[in-house]
A.B. asks: 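Sharing a structure, written as structure tokens. Questions coming.
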Amino acid sequence: MHDPGIYALIQLMPTALRPPCWALWAAASVLDDLTDQRDAQQAEREARIQAWTRALQRDLAAGTSTDPVRHALVDTALRWRLDLSDLQGAMTSTRDDVRGQHLADWSAWRARCNGQFTPWVEQVRHLFERAGAPMTLQLDRQQDYQRFIEGAQLTDVLTDLSADLAQGDLLLPQEALDAFPGAEDDLRQGNWSPATAALIRELTALARQWLTRPAMTRGMHPGAAIVLNTAACLMRAQLDAVEGAGQALLKRVPRPSLAARARILAPARIRSKLAWNLTSLTVPGPRRPAVTVSGPSPEAESTTLRPPPPHPDDARPPQIAADRMPAHVAVIMDGNGRWAEQRGLPRPEGHRVGTAAVHEIVYGALEIGLRHLTLYVFSTENWKRDTEEITTILEAIRRDLDEGIIRDLDVHRRWLGRPDKLPEELVQALLREEHRTRNRTGLTLTVCINYGGRDEITRTAAALAQAAQAGDIDPHLIGEGDFARRLPHPDMPDVDLLWRTGNEQRTSNFLPWYTTYAELYFTSNYWPDVDRRDLWQAITEYSRRQRRHGGATL
């Protein structure tokens, strides 16, 4: 954590952003130092980290601290309106590091990276956004962003190899070590062998590849892009030092030469100064009230969560046995336009009325205890419709987000689809809502907007091909799990029940990967006429069906 490269990168930032970045870096460094304090036993080090974290919670509530690092972090959080609840997991992960970790494979290694390293990087991104120079990441470049962070973490692990080995730690995945027989034992014994050298060459090449993501900064504010590109250059220079150290890598921390650093930083300072001089930044005024680190900030959760309102007729959900309940219901909300035409109204009016039916279904899902609900709101094929109808649908989505009818329910809202053609304001509103509700656990509501199932599969296949080309995966060993992990929402469970309204009996390119074994349920009523009782009836029908998944009924 005490990399002089961090200091150089912070110096490339505008003056207003340097103090909050120093505060974040200092806090992360303190926690890292507490982990590495070998003058204390494991339990004592865990206790020190926990004590520091709890003290931060109290300091945030008080709005100040007697500890200089926590005082700087508290001031940063309140002044820049940062939601420090994201760091809770990172602090817990740091505490767990005290116990030592065995990382079986790259998936486990990445999970550690995501839990411990990524949240701190995200805080810096939020700072740039608050200042009006956002590090905007396009949705189709999220994988590049994640790979970049993993490359930075792998560079850090390789750089600190000697210090970690001295403490008995080897923070590399077993999968990587096993590929070079004998390398693990040699590393732990401090022996520089051909296997060790081959392992280091392989890992430095992999880290260099992960760090080289030129598409990641396209469309960013130039100042933010310069910071990230310079970070990549510095880390590649660090990898050169790692690879060139040879057996000295096991004895001391390698560093790039001053000349190498100067070649990178001198032009970066000139470019960054020009970029920031041409930028008008938003610097916060008076500090906001105190927040806590253990939960979402006032900005993230402005209201207390409430139960859904009762049905107008006091209808109550049926009692469904837990083993007969679907975990995931997906709905094709069909018939809005025909509902309006039947009443002599313009088709767009049906979409406006259909929004109330969405609220009803969400209420019903919460009341019956459904965990996942996915709604087909707007497909990639819907762009063929009349311009007025398209505009009405998109405006209805944005208005629903703005009005926040279900904002204070225990609902985690997510978006699945492509950003292409969608208004940028709508895309940002969807992303903000997903971030704001990320800690809720009652119902995961996924809205599919500008979504196509074949498009999703095609893009996922492309991501898998890129991974194979990059050497991240053996193409001869690709399985369903490898594909599923590269879907936009890899944690989404398979659909148990697919329900379509509107008297049509098609799946219409909706969630083809997830609906392979779904029970299909079709009803004749148009979507605006639906309420929560229709969802309950669909789930009741599902509970009566015999699901065999290819097996025989005894």
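The shown structure was predicted, so the numbers you read here are calculated from the model rather than taken from an experiment.
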A.B. asks: When you look at R352 and E349, which way does the salt bridge (charged side-chain N to carboxylate O under 4.0 Å, His left out) test go after all the steps?
C.D. replies: CA-CA 5 Å; R352 294 191 183 94; E349 188 61 28; 3.0 Å; yes
A.B. asks: With salt bridge (charged side-chain N to carboxylate O under 4.0 Å, His left out) as the test, would you mind laying out the steps for D491 and R414 before giving the verdict?
C.D. replies: CA-CA 12 Å; D491 60 335; R414 304 199 300 186; 3.0 Å; yes
A.B. asks: Under 3.5 Å, side chain of R81 to main-chain N/O of A77, donor-acceptor pair present?
C.D. replies: no
A.B. asks: Search all heavy atoms of A484 against all heavy atoms of P490 and return the closest pair with its distance.
C.D. replies: O-CB, 3.5 Å
A.B. asks: Determine the minimum heavy-atom distance between V121 and Y145, stating which atoms define it.
C.D. replies: CG1-OH, 3.9 Å
A.B. asks: Check E434, R436, Q428, H435 against R432 for a side chain to side chain contact (heavy atoms under 4.5 Å, CB included) and give me the one that passes.
C.D. replies: Q428
A.B. asks: Search all heavy atoms of Y514 against all heavy atoms of M492 and return the closest pair with its distance.
C.D. replies: CE2-O, 3.4 Å
A.B. asks: For R485 and D482, which heavy atoms make the closest approach, and how far apart are they?
C.D. replies: NH2-OD1, 2.7 Å
A.B. asks: Would you kindly say whether T279 and H221 are connected by a side-chain donor-acceptor distance under 3.5 Å?
C.D. replies: yes
A.B. asks: Using modelled atom types only, decide if a donor and an acceptor are shared between the side chain of E360 and the backbone of R532 within a distance under 3.5 Å.
C.D. replies: yes
A.B. asks: Under the criterion side chain to side chain donor-acceptor pair (under 3.5 Å), I'd like the reasoning laid out for N450 against W383: C-alpha separation, chi angles, the key distance, then a yes or no.
C.D. replies: CA-CA 9 Å; N450 198 21; W383 293 107; 2.7 Å; yes
A.B. asks: Without swapping roles, check the side chain of H372 against the backbone of D494 for a donor-acceptor pair under 3.5 Å.
C.D. replies: no
A.B. asks: Are the side chain of S379 and the backbone N or O of N382 linked by a donor-acceptor pair below 3.5 Å?
C.D. replies: yes
A.B. asks: Are any of the side-chain nitrogens in E367 or R316 under 4.0 Å away from the carboxylate oxygens of its partner?
C.D. replies: yes
A.B. asks: Under 3.5 Å, is there a donor-acceptor pair between the side chain of W210 and the main chain of Q153?
C.D. replies: no
A.B. asks: Closest approach of G335 and P528, non-hydrogen atoms and distance?
C.D. replies: O-CD, 4.1 Å
A.B. asks: Is it true that a side-chain atom of W536 and a backbone atom of G364 form a donor plus acceptor pair closer than 3.5 Å?
C.D. replies: yes
A.B. asks: Quick one: pull up CG in N229 and OG1 in T217 and give me the separation to the nearest 0.5 Å.
C.D. replies: 4.0 Å
A.B. asks: Are side-chain N/O atoms of T437 and R407 paired as donor and acceptor at under 3.5 Å?
C.D. replies: no
A.B. asks: Answer yes or no: is there an ion pair linking D455 with R418, defined by an N-O contact shorter than 4.0 Å?
C.D. replies: yes
A.B. asks: Is it true that a side-chain atom of D410 and a backbone atom of P307 form a donor plus acceptor pair closer than 3.5 Å?
C.D. replies: no
A.B. asks: Give a yes or no on whether a salt bridge exists between E519 and R545, defined as a side-chain N under 4.0 angstrom from a carboxylate O.
C.D. replies: yes
A.B. asks: Cut-off 3.5 Å, no hydrogens considered: what does the side-chain donor-acceptor table look like for residues 325-332, sequence neighbours left out?
C.D. replies:
| residue | atom | partner | partner atom | Å |
| --- | --- | --- | --- | --- |
| H328 | ND1 | P493 | O | 2.9 |
| H328 | NE2 | T374 | OG1 | 2.7 |

A.B. asks: Between S543 and T540, which heavy-atom pair has the shortest distance, and what is it?
C.D. replies: OG-O, 2.6 Å
A.B. asks: Can you confirm whether the side chains of D534 and W499 place a donor and an acceptor under 3.5 Å from each other?
C.D. replies: no
A.B. asks: Looking only at side-chain N and O atoms, does H359 offer a donor or acceptor that is under 3.5 Å from a partner on D400?
C.D. replies: yes
A.B. asks: Is there a side-chain contact between M333 and Y526, using heavy atoms and a 4.5 Å cut-off?
C.D. replies: no
A.B. asks: So, do V362 and P308 sit near enough that their side-chain heavy atoms are less than 4.5 Å apart?
C.D. replies: no
A.B. asks: Report the C-alpha separation of R338 and E504 in whole Å, then their side-chain angles, then the decisive distance to 0.1 Å, and conclude whether the salt bridge (charged side-chain N to carboxylate O under 4.0 Å, His left out) test is met.
C.D. replies: CA-CA 12 Å; R338 284 172 288 160; E504 301 287 356; 3.7 Å; yes
A.B. asks: So, R398 and E395, do they make that salt bridge, N to O below 4.0 Å?
C.D. replies: no
A.B. asks: Does the distance from a Lys or Arg side-chain N to an Asp or Glu carboxylate O, for R347 and E389, drop under 4.0 Å?
C.D. replies: yes
A.B. asks: Check R500 with D334, please: is the shortest side-chain N to carboxylate O separation under 4.0 Å?
C.D. replies: yes
A.B. asks: Determine whether T155 and V157 make a side-chain contact, defined as any pair of heavy atoms from C-beta on separated by less than 4.5 Å.
C.D. replies: no
A.B. asks: Around atom CD of E175, are there more than 12 heavy atoms from other residues, nucleotides or ligands closer than 6.0 Å?
C.D. replies: yes
A.B. asks: Tell me whether the count of non-hydrogen atoms from other residues, nucleotides or ligands lying under 6.0 Å of CZ in R306 goes above 12.
C.D. replies: yes
A.B. asks: Find the distance between CG (L394) and CG (L426) and round it off to the nearest 0.5 Å.
C.D. replies: 6.5 Å
A.B. asks: Would you sort out whether I406 and L445 count as a side chain to side chain contact (heavy atoms under 4.5 Å, CB included), showing the intermediate values?
C.D. replies: CA-CA 11 Å; I406 64 172; L445 171 65; 3.9 Å; yes
A.B. asks: CG/L375 to OG1/T446 distance, rounded to the nearest 0.5 angstrom?
C.D. replies: 8.5 Å
A.B. asks: Measuring from atom NE2 of H126 to atom CG of L24, what distance do you get when rounded to the nearest 0.5 angstrom?
C.D. replies: 10.5 Å
A.B. asks: Evaluate the side-chain proximity of T212 to R236: yes if any heavy-atom separation is below 4.5 Å, no if none is.
C.D. replies: yes
A.B. asks: With the side chain counted from C-beta on, respond yes when I539 and I368 share a heavy-atom pair under 4.5 Å apart, and no when they do not.
C.D. replies: yes
A.B. asks: Answer with yes or no whether the side chains of W339 and D529 bring together a donor and an acceptor at under 3.5 Å.
C.D. replies: yes
A.B. asks: In the structure I gave you, are the side-chain heavy atoms of L416 and L511 within less than 4.5 Å of one another anywhere?
C.D. replies: yes
A.B. asks: Has D313 got a side-chain atom pairing as donor or acceptor with A315's backbone, closer than 3.5 angstrom?
C.D. replies: no
A.B. asks: To the nearest 0.5 Å, tell me how far D144 CG sits from F148 CZ.
C.D. replies: 10.5 Å
A.B. asks: Check whether any side-chain heavy atom of R371 sits under 4.5 Å from a side-chain heavy atom of L443, and report yes or no.
C.D. replies: no
A.B. asks: With a 4.5 Å cut-off on side-chain heavy atoms, are F378 and I390 touching?
C.D. replies: yes
